[in-house]
Amino acid sequence: MKRIAVIGGGISGLSAAFTLEKARQNGAPLEYALYESNSRLGGVLVTEHTHGCLLEAGPDSFLTEKPWASDLCRELGLGDQLIGSNDHERKTYILCKGKLVEIPDGLMFMVPTKIIPTLLSPLFSARTKMRMAQEWFHPPHKADGDESVASMVQRHYGGEMVDRLADPLLSGVYGGNASELSVRAVLPRFAAMEAKYGSLGRAMLAARAKMPTSSNGSPPLFTSLKDGMQQLVDALVSRLKPSAMYINESVKFFNRQNGAWTVSTEQTSHQFDGVILATPAHVAWRLLQPFEPRLADELGAIDYTSSITINLGYDERVRSSLPPGFGFLVPRSEVRKMLAATFVHNKFPHRAPPDRALLRCFIGGKENVNTLTLSDEEIIRIVRNELQPILGITSEPLFARVYRWNHAMAQYGVGHLERLARIDSILKELPSLGLAGNGYRGIGVPDCIRSGSDAAATTLRALGLAREQVTPVVART
Ligand SMILES: Cc1cc2nc3c(=O)[nH]c(=O)nc-3n(C[C@H](O)[C@H](O)[C@H](O)COP(=O)(O)OP(=O)(O)OC[C@H]3O[C@@H](n4cnc5c(N)ncnc54)[C@H](O)[C@@H]3O)c2cc1C
């Protein structure tokens, strides 16, 4: 009988544990233990209900084009619970000199693919529009090495595009800064497109022409669950062995001696044949530092930022006063604490009754790190003060909830892929150690799910427990 520990019970660790559980049910001689320092499983996936509204404290959905989250939901029997974003209302605004300006139609990420809406948009100056036209004629360019997203976008479209679009779009996902994030790790398609076509605009159009046209129209951009992201956590937890879960047990120490891993919390100490570290990379750094400093140093160099989500509920009057669309992004040059706000009642309509407005605001980034230490009341006051001139909301919210996420969002800095290659080569010498989580190959929920199941599959193989074909549990029952 082999024993495997999973450390960290966020979506990455839960996915890893689920893969182990399936292998166990398929007859692999295996026991596993899942350690979670918190009193609940799910990590940053937390859903709450109040005043008839569904509040997401962490992620509210996932990108539909990345299949691993939807596939897992279907495997867990939640296929009929999947919902799509209300894309016919999809409009996003950028705060530009204090006013909301709609992102023009045809912009794919920050690449313009339709001329007229971009030319007519007040979002860009005449100079940037000229740059967009010139960009069409960029010759193929293979960059020597990695660079920041800001540097690549600057080369193609100039600084205004970085400030008004690239940076706010990335801040909304990573809480980070376009001048620090690696283009190869964060926008790998862009580097490939530039090498082949030169112009990102021409490359995007070519990619779009190759996309299959479906008779059902395009799938929604975002997918979520009717009862919120917590539904996925609950379904996963219900499939795991209750006796395998060590909740409220923070791993303080772990070590490897004579091929066996020892995992110790304040309460227990157990031995394992394999370990999957599914914590943020900075926790993995701390645990590995005493006995695997080379690996620890690489993990410790992966940066993380903190963020705060603030859900505000309002009445029907506010709802009818708000603009249509999914919400807005705030460029750094607007000098606000808020990086983005979502009009949840439009994005996922059933998450608020028809007579409620539900706003989800997002504060993040290194420059706002001190905000994390403020009281809920102070944070709510800051957000309301910032919303007032933008949306004209003066009334008291019916409810407000603040959720803080300390060092939870990984930042893939320039050189991240090279770092991953070094980590992979160290892990070859430690085959029974797996790494999963948002610090490595994707920060979104689908990527984390994939990282968890991949780490579990690799550990099973290393311990000689993998079968040629792992039958999904659902297919067997
Ligand atoms: C505010 C916010 C909004 C987001 N929005 C989206 C979105 O809309 N769509 C999307 O796809 N992604 C989104 N993301 C990103 C995505 O949700 C995360 O990257 C992903 O959920 C991370 O999962 P994880 O399991 O790797 O990490 P975590 O959720 O951080 O889980 C790690 C777990 O490890 C535990 N742990 C830490 N140390 C120890 C220890 N010593 N011993 C035992 N356990 C330990 C922690 O308590 C935690 O439960 C968002 C993230 C945040 C923070």
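First listed ligand is number 1; within each ligand, the first listed atom is number 1. The analysis underlying the following values was restricted to heavy atoms, covering all of them including side chains, and did not include hydrogens, waters or symmetry mates.
For Val251, heavy-atom contacts with ligand 1 shorter than 4.0 Å involve the backbone as well as the side chain. Only the side chain of Leu45 comes within contact range of ligand 1, with a heavy atom under 4.0 Å; no backbone atom does. Contact annotation for Cys448 and ligand 1: only side-chain heavy atoms (C-beta onward) come within less than 4.0 Å of the ligand. By the criterion of a heavy-atom distance under 4.0 Å, both the backbone and the side chain of Val445 are placed next to ligand 1. Of the heavy atoms in Lys252, none comes closer than 4.0 Å to ligand 1.
The shortest N or O to N or O distance between Ile11 and ligand 1 is under 3.5 Å. Residue Glu36 has at least one nitrogen or oxygen atom sitting less than 3.5 Å from a nitrogen or oxygen atom of ligand 1, judged on distance alone. Residue Trp405 has no N or O atom closer than 3.5 Å to an N or O atom of ligand 1. The shortest N or O to N or O distance between Ser61 and ligand 1 is under 3.5 Å. For ligand 1, the polar-atom distance check finds no N/O of Pro446 at less than 3.5 Å from any of the ligand's N/O atoms.
With distances taken over non-hydrogen atoms, the option nearest atom 39 (C) of ligand 1 out of Ser37, Ala278, Ala410 is Ser37. Closest heavy-atom approach to atom 22 (C) of ligand 1 within the set Thr309, Ile7, Asn438, Thr305: this belongs to Asn438.
Ser85 places no side-chain N or O within donor-acceptor distance of the main-chain N or O of Asp87, the cut-off being under 3.5 Å.
The side-chain hydrogen bond (donor to acceptor under 3.5 Å, both in side chains) test with Asp303 is passed by exactly one of Lys366, His282, Gln411: Lys366. Tested against Trp405 for a side-chain contact (heavy atoms from CB on, under 4.5 Å), the candidates Thr309, Leu372, Ile308 yield a single pass: Thr309.
With ligand atoms numbered from 1 in the order given, ligand 1 contributes 38 (N), 41 (N) to contacts under 4.0 Å with heavy atoms of Val283. Counting atoms of ligand 1 from 1 in the listed order, those under 4.0 Å from a heavy atom of Gly444 are 10 (C), 11 (O), 12 (N). Here is the list of ligand 1 atoms found below 4.0 Å of a heavy atom in Gly437: 26 (O). Within ligand 1, counting atoms from 1 as listed, the ones closer than 4.0 Å to a heavy atom of Ser250 are 40 (C), 41 (N), 42 (N). Of all the atoms in ligand 1, the ones that sit under 4.0 Å from a non-hydrogen atom of Asp60 are 8 (O). Listed by atom number, the atoms of ligand 1 under 4.0 Å from Gly43 heavy atoms are 29 (O), 31 (O), 49 (O).
The pair Lys241-Glu31 does not count as a salt bridge, with every side-chain nitrogen at least 4.0 angstrom from each carboxylate oxygen.
Using a 3.5 Å distance cut-off with no hydrogens or angles, the side chains of Trp261 and Ser432 do pair a donor with an acceptor. Asn248 and Ser39 are not linked by any side-chain donor-acceptor pair at a separation below 3.5 angstrom, with hydrogens and angles left out of the test. There is no side-chain donor-acceptor pair under 3.5 Å between Gln230 and Thr47. At a cut-off of 3.5 Å, with distance as the only test, a side-chain donor of Thr223 or Thr64 sits close to an acceptor on the other residue. Between the side chains of Arg256 and Thr262, no donor-acceptor pair of N or O atoms lies under 3.5 Å. With hydrogens and angles left out, the side-chain atoms of Tyr403 and Glu48 include a donor and acceptor closer than 3.5 Å. Side chain to side chain, Tyr246 and Glu36 fail the donor-acceptor criterion of an N or O pair below 3.5 Å.
Of the protein's non-hydrogen atoms, Met409 CE, 3.8 Å is the one closest to atom 51 (C) of ligand 1. Remark: minimum distance from atom 31 (O) of ligand 1 to any protein heavy atom is reached at Gly10 CA, 3.4 Å. With respect to atom 34 (O) of ligand 1, the closest heavy atom belonging to the protein is Gly8 CA, 3.4 Å. In terms of protein heavy-atom proximity, atom 13 (C) of ligand 1 is nearest to Pro59 CB, 3.5 Å. Counting protein heavy atoms only, atom 29 (O) of ligand 1 is closest to Val44 N, 3.0 Å. The protein non-hydrogen atom at the shortest distance from atom 16 (C) of ligand 1 is Ile443 O, 3.4 Å. When only non-hydrogen protein atoms are considered, atom 24 (P) of ligand 1 lies nearest to Ser12 OG, 3.3 Å.
Cation-pi geometry between Arg3 and Phe272 is met: the NZ or CZ atom falls under 6.0 Å from the ring centre, inside 45° of the normal.
Between Tyr412 and His416, the ring planes are parallel. Angles under 30° get that label, and only those over 60° would be called perpendicular.
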Report task. Go through Arg184 and Glu147 one step at a time and tell me if the salt bridge (charged side-chain N to carboxylate O under 4.0 Å, His left out) criterion holds. Result -> CA-CA 8 Å; Arg184 288 199 172 174; Glu147 64 181 322; over 6 Å; no
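Scanning all heavy atoms of the two residues, the minimum distance from Arg450 to Arg441 falls at NH2-O, 3.8 Å.
For atom 27 (O) of ligand 1, no protein heavy-atom neighbour is found at a distance under 4.0 Å.
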